[in-house]
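Below, chain A is the first sequence line, B the second, and so on; all start at residue 1. These figures come from a predicted structure and were not determined experimentally.
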There are 2 protein chains.
Amino acid sequence: MARSRSEAALIQVDTDPTYKRVAKAIEEAIMSGRLKTGDTLPTETELAAQLGVNRSTVREGIRALENADLIERGGAKRLIVRVPQASKIAWVNTRALGLMNVSFLDLWELQLQVEPFAAAVAAERIEPELLEALRENVARLAEHLDDDEKVTSNDIEFHRLVAQASSNAALSLVSEPIRVLLFSATIDLYETVPQARHRLLEAHRAILAEIEKGDSAEARRWMARHIEDFRRGYEVAGYDLRAPIPIDPRTQDHFG
Amino acid sequence: MARSRSEAALIQVDTDPTYKRVAKAIEEAIMSGRLKTGDTLPTETELAAQLGVNRSTVREGIRALENADLIERGGAKRLIVRVPQASKIAWVNTRALGLMNVSFLDLWELQLQVEPFAAAVAAERIEPELLEALRENVARLAEHLDDDEKVTSNDIEFHRLVAQASSNAALSLVSEPIRVLLFSATIDLYETVPQARHRLLEAHRAILAEIEKGDSAEARRWMARHIEDFRRGYEVAGYDLRAPIPIDPRTQDHFG
DNA sequence: GTTGTTGTATTGTCGGACAATGTAATTGTC
DNA sequence: GACAATTACATTGTCCGACAATACAACAAC
């Protein structure tokens with residue numbers, strides 16, 4: 001080990017292909033703050049000239065950053081630097097988790113840590129607009145309680161709003177993929193366990209009430225109960241808790 | 001709203017540029033399972049022919065997926081499908097969180113939920129190899145207690161190993177960016193608060209001991225204490241808890 | 001069984017081209 | 001002078017063709 005390192009350590013050759021180095025160069029400029037959010041990058045031709053490479057190569061480099069949502073084609077067509085959209089990043093995570101074959105149990109036990117915490121913090125910090133959005137969400141859920149698809153997307157939105165209400169961007173980012181994967185694995189749960197709809201509505205109502213009151217401890221408790229109940233529903237429906245969560249094609253619809 | 005939708009709904013034209021559609025096509029094939037992990041994709045020329053586009057366009061599409069770590073240039077040069085490496089995905093998150101200007105407090109309070117849980121589960125599920133790795137890690141920390149850089153990277157590794165020991169890929173993925181951002185924001189903490197090193201070592205030893213014993217509750221308690229202590233150190237060092245975490249250029253070194 | 005050699009396939013990079021489209025400048029009109 | 005229509009220009013998205021570098025495979029030599 002020590003031997004092989006000292007041999008290889010003659011020089012640390014940068015063997016990356018050019019397009020990757022282009023991407024890194026731009027990324028570095030953004031991360032270091034030389035390029036700030038909203039700044040426009042030079043045109044592809046200029047970039048090519050500056051970096052001394054061909055335009056095609058620049059383009060390939062750009063694609064990578066575009067995918068990470070670090071840059072965007074603005075209203076014009078110039079490239080502008082942007083702060084990554086949470087939903088876009090969350091999708092990267094969702095996809096990765098899906099391919100990693102995580103089980104329901106893995107996600108669920110993690111959710112049991114995160115969501116009650118989100119509810120507790122939300123009860124302390126929620127802003128009026130988000131509270132209003134939560135109220136609307138619960139009202140809508142009550143209306144469409146027989147439309148499975150809508151129940152699921154409503155459910156996701158409820159929890160997303162709670163996370164947002166915590167005013168903690170990291171919490172939002174981290175909880176989103178878990179949520180989406182878990183919930184979209186249960187789209188057809190309501191056919192098997194119809195009464196689950198009502199328990200869902202009840203729980204959301206209770207959580208909302210506690211958040212409105214600003215009772216952090218009770219909000220947390222209700223949310224924990226809600227998540228635990230969710231697992232019971234999953235079991236009752238006859239799913240295998242330890243099987244890898246299947247990645248439903250519709251999953252991506254829950255973003256953006 | 002209703003009006004504009006019905007007008008636009010004549011046809012749902014896919015307005016995405018071709019390279020994006022190429023990326024989506026491949027991604028879809030992977031997600032749907034038509035392409036499995038380890039499968040090799042056709043060559044660029046073949047792909048271009050199959051999809052009816054130019055090779056340059058295919059390349060641009062590939063770059064996006066490459067960045068998301070869904071595909072890789074294999075030992076040869078053929079493209080092979082792979083399950084995304086946690087570290088690669090974690091870096092995407094770290095970068096995003098860094099640009100979102102999350103504060104120490106945001107990250108810390110989240111960590112306080114996740115890490116103790118990880119320790120608790122680790123105490124129940126840890127495998128011999130990981131236990132051994134943990135022991136080594138603590139031993140190394142004791143050796144290099146005066147090398148700030150090493151202390152930090154050792155610290156990160158310790159917590160990473162605990163997360164891995166939980167055998168929950170989702171937990172690893174979620175905790176990694178938080179960890180890296182937090183800890184790398186404290187590289188020069190040890191100069192200001194030298195005694196922190198010893199408390200760190202003490203804590204790691206205690207956590208390791210409880211994990212070895214398989215005492216889940218105690219492991220959790222010690223970890224929680226450790227994280228809380230971490231915050232105190234940060235405060236004592238005079239950092240602003242609510243300021244956005246600065247993205248240290250060296251941060252990326254803590255991956256891979 | 002290692003070490004070269006040769007041949008082939010594929011990628012990485014390049015240069016140039018052009019249509020589509022958005023931006024800016026110019027003109028025309030009141 | 002302000003505002004609308006038109007024109008000219010710049011930039012992107014896509015395509016084509018070309019070539020050196022390199023990884024792989026098969027085979028030869030030691």
- Please walk me through it: do A:Glu176 and A:Arg179 pass salt bridge (Lys or Arg N to Asp or Glu O under 4.0 Å)? CA-CA 5 Å; A:Glu176 179 75 1; A:Arg179 190 156 44 233; 2.8 Å; yes

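Toward the 5′ end of DNA chain D lies the nearest nucleotide of B:Val58, the other residue of the pair B:Arg55 and B:Val58 mapping further downstream.
Residue contacts shown for B:Ser56 include a base, since a base heavy atom lies under 4.0 Å away.
Rounded to whole Å, the distance from NZ on A:Lys20 to P on C:dT11 is 14 Å. B:Arg73 places its CZ atom 9 Å from the C1' atom of C:dG12, with the value rounded to the nearest Å. Taking atom CD of residue A:Glu66 and atom P of nucleotide D:dG13, one finds them 7 Å apart after rounding to whole Å. Between the CD atom of A:Glu60 and the P atom of D:dT12 there is a distance of 16 Å, rounded to whole Å. Rounded to an integer number of Å, the gap from CD of B:Glu46 to P of C:dT10 is 7 Å. If you take CZ of B:Arg78 and P of C:dT10, they are 6 Å apart, rounded to a whole angstrom. For the pair A:Glu44 CD and D:dG13 C1', the computed distance is 8 Å after rounding to whole Å.
Checked against side chain to side chain contact (heavy atoms under 4.5 Å, CB included), B:Ala185 has the following partners two or more places apart in sequence or in another chain: B:Tyr234, B:Ile245. Residues that satisfy the side chain to side chain contact (heavy atoms under 4.5 Å, CB included) test with A:Val83, not counting sequence neighbours, are A:Thr37, B:Met100.
A salt bridge between B:Arg34 and B:Glu28 is present, with a side-chain N of the basic residue lying under 4.0 Å from a carboxylate O of the acidic one.
Taking 4.0 angstrom as the limit, B:Arg59 places none of its side-chain polar atoms (N or O) nearer than this to OP1 or OP2 of D:dG13. Between B:Asn54 and D:dT14 there is no side-chain polar atom (N or O) within less than 4.0 angstrom of OP1 or OP2.
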